[in-house]
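Structure first, commentary second.
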Amino acid sequence: MTIMPAHSPHTLKKPVVMIVDDDFSARLQVRFTLENEGFEVIEAASGQEALGLFRENQPDLVLLDVIMPDMDGFATCQALRILPGGSHLPVVMVTGLDDTETITQAFDAGATDFVSKPINMLILGYRARYWLRSGSILRELKISQGRLFKAQEIARLGHWERDLDSNTFQITCHSPEIFGLSHPCDYDALFAGIVTEDRERARELIDDACRTGLAFSLHYRVVLADGSERIILNQGEVVKGSSHQRRLVVGILQDITALKQAEDKIHYLAFYDNLTGLANRSLFREQWSKILPHARRNGKKVTILFIDLDHFKRINDTLGHPSGDKVLILVADRLKSLLRHSDIISRSSTDQPSPLISRVGGDEFTILATDITTPNQVTSLAERIVEVLNQPFELDGQVINLTASIGISIYPDDGDDIDMLLKNADTAMYEAKDNGRNSFQFYQSAMNDAAMERFHLGNRLRTALNNGEIVLYYQPLFSNNNGNKFIGVEALIRWLDPEKGLIPPDKFLPFAEENGFIHNINEWVIQEACVQAQKWVAAGLFTDCRMGINISGNRINFIQLGANIIATLAETGLAPQYLEVELTERVMMDNTDDAITMLQQLKDIGVAIAIDDFGTGYSALSHLQLFPLTTLKIDKSFIQNIATTDNGLSLMLSIIGIAKSFDLKVVAEGVETEDQLSAIGKMDCDVLQGYLLSRPIPRDKLEALLHSTFWD
Ligand code: C2E
Ligand code: CA
Ligand code: CA
């Protein structure tokens with residue numbers, strides 16, 4: 001640290017001392033002493049003169065006599081202090097010996113120090129050097145403080161300290177309010193301005209750091225008095241204070257709003273496509289590198305769809321590039337909304353990134369999906385993309401028709417690095433184009449065949465329903481007591497494929513449930529079963545009998561379904577007491593409130609309501625109370641167990657007991673053996689169903705049996 005003030009014109013010269021005293025001999029004596037000690041001395045005989053000399057000479061030290069005529073030392077000191085350069089000047093008052101009152105007054109007037117008369121000339125030189133040195137240190141400190149403040153202001157920085165032992169808090173910064181702080185400020189106030197969502201976490205992190213002694217760094221948003229929001233970086237650590245046991249938390253606050261905004265902007269430009277707002281190639285790759293380790297660790301698949309618009313060049317050529325750009329924006333919007341609303345994206349996997357749509361080239365898009373990986377899911381998605389892009393686009397009053405071709409590759413089946421996967425998806429996309437565009441193609445892999453099979457199945461199912469290839473079989477139900485009397489049927493769907501023969505429901509219903517076609521099937525079953533039952537009723541074959549129908553699917557609109565059933569009953573003329581609706585708990589639980597409303601409505605008019613497959617997967621006794629039911633169908637797995645395990649028997653008995661306590665009719669499904677039949681025969685079970693009594697049979701066969709007296 002330099003002793004001489006850096007800006008003083010006397011830097012290389014001797015330090016200048018101004019002596020202010022009306023007593024000529026006193027001045028002379030001091031001058032003599034100080035000049036001998038290497039100082040330059042100037043003299044003023046009065047306060048007024050001192051002010052003038054000060055302006056001209058900018059002395060480094062002033063020795064000021066207190067008692068002077070006109071303007072005394074106090075007044076002179078005060079006047080000096082407000083002159084330019086006077087605020088940090090060492091001013092030493094010359095007072096009477098032990099005159100404590102004067103000394104106090106001198107300090108009040110702004111004196112740096114005092115020296116009493118008679119001045120000890122032997123040590124005056126030493127003292128003068130000391131005053132100069134301390135004055136210079138003080139000045140430097142002030143300057144550096146000023147600079148710090150300025151720097152803090154420019155950098156939008158603040159500095160805070162919290163003494164953990166005394167719990168005192170202090171903050172130094174140019175303007176605390178930019179950090180959302182009020183003034184004066186305590187530790188709690190540090191958090192008061194933080195937006196609610198960030199506050200608790202911020203407090204927790206800093207409190208934790210205080211406790212553990214670890215460093216912290218966090219940013220959060222604060223709301224300022226004018227309502228604007230800023231982003232504040234708060235970082236710091238716990239340090240030992242001056243006295244050794246004291247623990248001090250020292251933090252730096254920085255307003256990083258502009259930085260953050262710039263960062264966001266840069267991030268956006270770097271990772272998003274300016275035209276469509278979709279991710280760009282870089283983000284696509286970045287995302288891939290994020291999900292790959294997770295997929296690898298957990299043996300998960302990742303799907304890449306490569307979408308290319310067919311003949312997009314034509315649009316650009318005929319309508320011009322600006323219109324082409326607009327079409328691309330519309331395409332992007334459709335893809336976004338398709339994926340946002342798609343029910344093929346399972347809701348449970350929220351910890352996984354949702355499918356990422358990127359625009360990777362002029363008219364090329366990719367979708368990176370971690371939770372759409374089964375052949376059915378991928379096929380459904382690809383099919384829907386094709387479909388959604390097939391809808392006409394309206395642009396400035398013009399209708400534009402587009403098609404797209406999609407290539408699909410799957411990690412790890414089709415490659416384990418992204419370039420390989422993209423290349424394979426691209427190859428598949430060209431294959432789709434070769435196959436006549438407007439379609440999709442899996443990269444040739446084992447999965448392809450299975451997926452295509454299911455896809456074709458999906459398409460064929462639609463035609464099959466229209467062509468009458470879908471039929472109902474009927475499995476007779478019998479009473480358990482009362483001489484095993486015929487009491488109705490359960491309608492079970494079958495697909496009679498002209499090529500493949502009879503396809504059982506578990507081969508096509510899961511797919512129909514996945515792609516939503518099940519809703520059409522439900523409607524068809526309701527219609528078909530009611531028409532059929534009414535014919536049998538009219539023919540006198542169905543007295544006191546019921547037709548059971550199965551309803552399934554995801555996200556059933558129960559209200560609409562209920563209305564549909566009621567309308568169908570009215571149209572076909574079937575009285576409600578001939579119908580029974582079977583639902584599994586999984587289906588009812590999907591939209592509990594609506595399901596209850598609908599079931600209650602049906603029950604009220606006399607339709608029987610069965611809870612199907614009871615005892616499997618989702619079963620809960622509480623459901624028996626929750627849903628308006630009339631019937632409980634015990635799943636066949638229980639019946640299969642009664643003859644073989646004791647446990648099975650007792651389970652069956654307790655289910656029946658509970659069902660009875662809810663006043664439900666009990667059906668035993670899947671009775672296959674005489675042993676089972678005789679075991680159930682002793683139970684309080686109402687209805688029997690199973691291969692032993694009859695398999696599901698086609699309509700004509702059932703009618704033949706009904707006409708015969710076989711079951712009477
Ligand atoms: P579910 O509702 O539990 O129907 C009873 C199933 O058990 C039928 O299989 C029936 O053939 C079978 N079954 C009957 N007795 C026995 C037996 O003694 N032993 C064995 N092992 N099985 C027996 P199916 O017809 O293959 O139907 C399977 C499932 O498909 C049905 O199970 C039902 O969940 C669904 N399903 C069938 N038809 C329809 C329909 O029209 N609509 C809807 N939504 N689902 C249907
Ligand atoms: Ca059933
Ligand atoms: Ca069942």
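For this chain, numbers begin at 1 and follow the sequence in order. Every number for a ligand or one of its atoms is a count from 1 in the order of the listing.
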Of the side chain and backbone of [X], name the one, both, or neither that has a heavy atom under 4.0 Å from an atom of ligand 1.
X    : result
V525 : side chain
E669 : side chain
R695 : neither
S552 : both
N522 : side chain
D612 : side chain
L692 : neither
D613 : side chain

Just so I know, are the side chains of I655 and L632 near enough to count as touching, which here means a heavy-atom distance under 4.5 Å? yes

Just by distance, with hydrogens left out, do N438 and D310 show a side-chain donor and acceptor under 3.5 Å apart? no

Under 3.5 Å donor-acceptor pairs involving side-chain atoms of residues 559-581, not counting sequence neighbours:
{"unit_1": "Q560", "atom_1": "OE1", "unit_2": "N557", "atom_2": "ND2", "d": "3.1"}
{"unit_1": "N564", "atom_1": "OD1", "unit_2": "T568", "atom_2": "OG1", "d": "3.3"}
{"unit_1": "T568", "atom_1": "OG1", "unit_2": "N564", "atom_2": "O", "d": "2.6"}
{"unit_1": "T572", "atom_1": "OG1", "unit_2": "T568", "atom_2": "O", "d": "2.7"}
{"unit_1": "T572", "atom_1": "OG1", "unit_2": "L569", "atom_2": "O", "d": "3.4"}
{"unit_1": "T572", "atom_1": "OG1", "unit_2": "L574", "atom_2": "N", "d": "3.4"}
{"unit_1": "E580", "atom_1": "OE2", "unit_2": "T631", "atom_2": "OG1", "d": "2.8"}

Could you check whether [X] pairs with [Y] (Lys NZ or Arg NE/NH1/NH2 to Asp/Glu carboxylate O, under 4.0 Å)?
X    : Y    : answer
D686 : K660 : yes
E490 : K633 : yes
K485 : D544 : no
E513 : R586 : yes

Minimum distance, heavy atoms only, to atom 24 (P) of ligand 1: which one of G690, P505, A512 is it? P505

From I526, L583, L509, L492 - option closest to atom 10 (C) of ligand 1 by heavy atom: L492

Looking only at distances, can you tell me whether any N or O atom of [X], backbone or side chain, sits closer than 3.5 Å to an N or O atom of ligand 1?
X    : result
Y691 : yes
D506 : no
I493 : yes
Q689 : no
Q640 : no

Taking all non-hydrogen atoms of both residues, which atom of R334 and which atom of P392 are closest, and how far apart? NH2-O, 2.9 Å

About how large, to 10 degrees, is the angle OE2 of E490, then the Ca ion (ligand 2), then OD2 of D612? 170°

Nearest N/O/S atom of E582 with respect to the Ca ion (ligand 2), by atom name, please. OE1

Any N/O/S atom, backbone or side chain, of E669 lying under 3.0 Å from the Ca ion (ligand 2)? no

